[in-house]
Amino acid sequence: MPLHIKRLVFTFVGLLVFFIILQQILKPHSFGVQGHFREDAIKENTQRALQYAGKANCTKCHDSIHAEKKEGYHSTLNCEVCHGPGLKHAQYAQMFEGKELPDSLTLIKPNERKDCAICHQRNAARIKILFDTIDNTMIHQIDAMEHNLISKKTKKERRCIDCHNPHQP
Amino acid sequence: MKKEKKQFSRRDFFKTGAILVGGVAASAFLSSVNGVLIAGEPSKKRGKWYGIGIDINKCIGCGKCAAACKNENNIIKEPFYFRSWVEQYTIKNDGTVKVESPNGGIDGFTQSIPDEEIFKSFFVPKMCNHCSKSPCTQVCPVGATFETSEGVVLIDPNYCIGCGYCIQACPYGCRYKNPETGTADKCTLCFHRLDKGLQPACFEICPTQARIYGDLNDPQSNINYFLKNHNCMVIKPNLNTGSKLFYNALTPEVR
């Protein structure tokens with residue numbers, strides 16, 4: 001074999017070995033087990049913190065409100081739709097039963113007009129049939145600027161919950 | 001030396017021509033049979049393979065799903081980072097379409113067009129389609145985004161180099177660059193909740209049950225029930241992304 005070919009072969013073999021060693025060092029653990037990605041990443045993705053507790057959780061302690069809500073038009077609404085994420089609240093209340101909840105863990109109580117209007121404000125896009133809700137009605141809409149103000153002239157507002165029970169509207 | 005010249009008669013020309021055209025037509029026909037539902041094939045036939053269904057007819061546009069998504073996943077509360085958001089489509093009498101999504105719908109919607117001018121209006125909740133042939137995972141240069149065997153497209157934030165190719169590649173605009181970490185970010189179908197047997201946050205919160213998800217491999221699952229009973233469609237089927245987000249009552253204006 002001519003000398004220059006030999007040199008070329010040596011260089012290539014050397015580079016190949018170097019590349020393989022480098023790849024072994026740099027390749028992260030569990031890469032390529034299931035495909036072109038780190039398998040560990042799947043597990044890491046499951047380890048994030050939860051915020052929402054889920055339907056069943058609230059009913060354990062607030063069963064009277066659940067029973068009340070079950071009968072009314074808001075039966076399809078989850079507690080956390082209005083009250084916000086409540087897993088920390090539920091966990092704390094369970095761990096320290098009978099203790100006062102710290103302010104950071106009491107949930108929001110959406111009792112302003114705009115909180116109800118987010119779903120009930122009149123909007124052409126909202127007129128549709130909800131087959132699964134009570135007696136096949138659409139979402140009932142009101143004009144939050146008009147519906148039952150204290151005085152139409154001064155536009156003085158009244159809270160929706162003065163007349164409607166949010167858990168059983 | 002005499003070179004033998006192969007004779008290519010007119011007859012041969014028509015013959016090969018017919019075969020070619022017929023073949024192309026047949027393959028086109030075969031792939032067109034491959035409809036929306038079987039656009040993607042599960043990587044394994046056993047086990048879970050998640051699909052999502054959204055009923056546009058039921059959505060009342062409260063935007064609680066977008067808010068829940070931000071709460072659950074600690075997304076920055078600025079108005080351009082969304083994993084899940086709602087768009088309000090309004091088709092006017094003159095045929096023009098107006099799409100609005102103020103802050104992803106979190107603060108609720110108002111109709112900016114007077115009722116007399118509206119032909120039709122509806123809300124479209126959007127999120128990652130969890131495509132089975134997703135363009136976003138294919139372009140990743142380092143293998144930091146992938147599809148799990150459950151059919152959920154995930155990101156490996158520790159391995160992402162933040163090049164932004166996947167953000168460009170997603171035809172549905174479902175990815176964004178997380179300004180805190182500098183890596184790409186997207187809906188994970190709340191993989192951490194699924195793992196613990198809970199529903200993803202946006203499904204949990206929907207007041208009208210407009211969203212459902214389930215196992216496409218299980219013939220009894222609610223997603224298959226939904227697909228059987230509604231005329232479902234995916235967004236941009238022409239791109240052949242193998243999208244697994246099926247919309248009931250999707251109209252061609254939505255893109």
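We name chains A, B, ... by the order of the sequence lines, and we start the count at 1 in each one. Computed from a predicted model, the values in this text were never measured in an experiment.
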Here the gap from A:Q121 atom CD to B:C62 atom SG, rounded to the nearest 0.5 Å, amounts to 14.0 Å
Whatever's closer than 4.5 Å to a heavy atom in chain A on B:I113 counts as neither
| request: Report, as yes or no, whether the 6.0 Å neighbourhood of atom CD on A:Q23 holds more than 12 heavy atoms from other residues, nucleotides or ligands. | output: yes
Tightest non-hydrogen contact, residues B:K196 and A:L50, listed as CD-CD1, 3.7 Å
Applying a strict 4.5 Å limit to non-hydrogen atoms, the region of B:V142 in contact with chain A is backbone
With a 3.5 Å cut-off and no angle check, do the side chains of A:R48 and B:T188 form a donor-acceptor pair? yes
Per-residue tally against chain B (heavy atom, under 4.5 Å) across A:C82, A:A53, A:G32, A:G54 peaks at A:G54
Whatever's closer than 4.5 Å to a heavy atom in chain A on B:I91 counts as neither
For B:K64 and A:I118: C-alpha separation, side-chain torsions, deciding distance, then whether side chain to side chain contact (heavy atoms under 4.5 Å, CB included) applies.
CA-CA 9 Å; B:K64 296 281 182 188; A:I118 217 168; 4.0 Å; yes
Minimal heavy-atom distance between B:L154 and A:I42, with the atoms involved, is CD1-CA, 4.5 Å
Of A:T46, A:L87, A:D40, A:N78, the largest count of non-hydrogen pairs under 4.5 angstrom with chain B goes to A:T46
| Does B:N231 CG have over 12 foreign heavy atoms under 6.0 Å away? | no
| said: Is it the case that the side chain of A:T76 and the backbone of B:P207 share a donor-acceptor pair, with hydrogens and angles ignored and the cut-off at 3.5 Å? | reply: yes
Okay, B:Y89 and chain A: the region with an atom under 4.5 Å from a heavy atom over there is neither
Turns out that what part of A:A117 lies under 4.5 Å from chain B's heavy atoms comes down to neither
Heavy-atom closest pair (B:G143 atom, A:F31 atom, distance to 0.1 Å) is O-CE1, 4.2 Å
To the nearest 0.5 Å, atom CD of A:E39 lies from atom CZ of B:F146 at 9.5 Å
Filtered by a 4.5 Å non-hydrogen cutoff, the part of residues 68-77 of chain B contacting chain A is B:A68, B:N71, B:E72, B:N73, B:N74
So CG of B:D195 and NZ of A:K43: to nearest 0.5 Å the spacing works out to 10.5 Å
Cut-off 4.5 Å, heavy atoms of chain A, and the answer for B:I118 is side chain
In terms of heavy-atom contacts, A:Y52 and B:R193 come closest through O-NH1, 2.9 Å
Taken to the nearest 0.5 Å, the spacing of A:N45 CG from B:D156 CG works out to 7.5 Å
So OG1 of B:T145 and NE2 of A:H36: to nearest 0.5 Å the spacing works out to 11.0 Å
Honestly, the part of B:Y159 sitting under 4.5 Å from a heavy atom of chain A is side chain
- Message: Atom NZ of residue position A:K109 - does it have more than 12 heavy atoms of other residues, nucleotides or ligands inside 6.0 Å?
- Response: no
Chain B shares the most heavy-atom pairs under 4.5 Å, among A:Q47, A:E80, A:R38, with A:R38
Can you confirm whether more than 12 heavy atoms, excluding those of B:Y165, are under 6.0 Å from its OH atom?
no
Does one side chain, of A:N123 or B:Q88, offer a donor that lies under 3.5 Å from an acceptor on the other? yes
